[in-house]
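Heads up: the structure comes next, in C-alpha cells.
Counting starts at 1 for both ligands and their atoms, following the listed order. Note that the structure is predicted; figures quoted are calculated from it, not measured. Both backbone and side-chain heavy atoms feed into the values below; hydrogens, waters and symmetry mates do not.
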Amino acid sequence: MGRLDDKVAMVTGGSGGIGSATLKRFVAEGAKVVCADIDEERGEKVAGELGDDAVFVRCDVSSLDDVTAAVDAAVQHFGSIDVLFNNAAWSSGGYVADLDPEAWDRSLRIMLTGPMYGMKAAIPYMLEQGGGSIVNTSSVYGLVASPGVAPYCSAKAGLINLTKTTAVEYGRRNIRVNAICPGVVETPMFEAVLGTGLTTREKVAEMHALGRTIQPEEIANLVLFLASNESSAITGQAVVIDGGLLSDCNLTGLPPVA
Ligand SMILES: NC(=O)c1ccc[n+]([C@@H]2O[C@H](COP(=O)([O-])OP(=O)(O)OC[C@H]3O[C@@H](n4cnc5c(N)ncnc54)[C@H](O)[C@@H]3O)[C@@H](O)[C@H]2O)c1
C-alpha cells in the first residue's frame, strides 16, 4: 500500500532539485505524476526515469494558458488531479532602490501569480472530485528577510497568505492548502547562491541548529505528508522545515554543544 495510491499529482518546478525529489517520492508511494517545468531537457529526463507513471509537460507558470493546459493534461492523461505542488521559482534581486521593475514583475508572476494560476486551474477539478491537497513552496524568506532579496521575500510572504486564504475558502469542500517554508536546501538554486561568492556552504551550514543544510529528499518527505491523508486535519499552515535556522539567534556568543 502506497500513501498516494490512486492519486494524481502535478509538480511545478519538477525539473529542479526539490521538485524532482518530490516526484520520485510520490511515484514510490503509488502516485501518477505530471512534471511541469520550463526546462524541457531536464524535465523529460526526470519524467523518463520515472517510467509510465510520469509525464513531462512544458509549462511556464507565469502563463495562465500554460498552467491550465498542464492541469488539463494531468486529468486527460491520468484521470484526475488530486495533489498540486506549486514549487517553481525564479527571482531577481538587488537593493530596493535599485530594483528593475520588469524583473520585479516577472519574479512575482512566477512565484506568487503562478501558484494562484495553478490553484485556479486545479480547484474546479478538485471540487468536482470531492477534494484535493495543495502544497505551495514558500521559504523561510516568507517569514524573515535578508538584504538584496526583496522580490523573493515579498513573493514568498504573499504566498503564505494566498495559501491561508485559499484554505479558508475551500476547506468545507475537502480541499486542503498548506505552504512549506524550507531553510537552505542542496539544489541548483543554492549552488547559484554559492556561485556569487558572497557566502560559503560551511558558513550557511553553521547557521542551522543542525549544523548542516537540508537535502531535497527531506523536503519531499514533508510534501508527501502534506499531500497524503496522513495530514487530513492540517490546512492553512506554513510549515517551517529549516534545520533550526530560524530558531538560532545567538546573542550570548556561547557555542552550541559540539
Ligand atoms: N534551495 C533552497 O535553499 C530553497 C529554500 C527555500 C525555498 N526554496 C524553494 O523551493 C522551490 C524549488 O526550488 P529548488 O531549490 O528545487 O531550485 P531549482 O532551481 O532546482 O528548481 C526550480 C525549478 O523551477 C523551474 N522554473 C523556473 N522558472 C519557471 C517557470 N517560469 N515556469 C516553470 N518552471 C520554472 C526551473 O526550471 C527549476 O527546475 C522554489 O520555490 C524555491 O524558491 C528553495
Task: side-chain hydrogen bond (donor to acceptor under 3.5 Å, both in side chains) between Asp82 and Ser80, intermediate numbers included - done: CA-CA 6 Å; Asp82 306 288; Ser80 63; 2.8 Å; yes
Task: Verify same cluster id: Ile175, Leu224 (apolar side-chain graph, 4.5 Å) - done: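 Unlinked, Ile175 and Leu224 end up in two clusters.
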Listed pairs under 3.5 Å, donor-acceptor, residues 92-102 side chains, sequence neighbours left out:
| residue | atom | partner | partner atom | Å |
| --- | --- | --- | --- | --- |
| Ser92 | OG | Ala103 | O | 3.3 |
| Ser92 | OG | Ser107 | OG | 2.9 |
| Asp100 | OD2 | Ala103 | N | 3.1 |

- [ ] Compute whether any side-chain donor of one residue and acceptor of the other, for Thr12 and Asn87, lie under 3.5 angstrom apart.
- [x] no
Task: Between Asn250 and Thr252, a side-chain donor and acceptor under 3.5 Å - done: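 Asn250 vs Thr252: donor-acceptor pair found between side chains.
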TODO: Measure the acute angle between the ring planes of Tyr141 and Tyr152, then classify it against the limits of 30° and 60° as parallel, tilted or perpendicular.
DONE: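 Answer is perpendicular, since the angle exceeds 60°.
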Task: Near ligand 1, at a heavy-atom separation below 4.0 Å: residues by chain and residue number - done: Gly13, Ser15, Gly16, Gly17, Ile18, Asp37, Ile38, Asp39, Arg42, Cys59, Asp60, Val61, Asn87, Ala88, Ala89, Trp90, Ile110, Thr137, Ser138, Ser139, Tyr152, Lys156, Pro182, Gly183, Val184, Val185, Thr187, Pro188, Met189
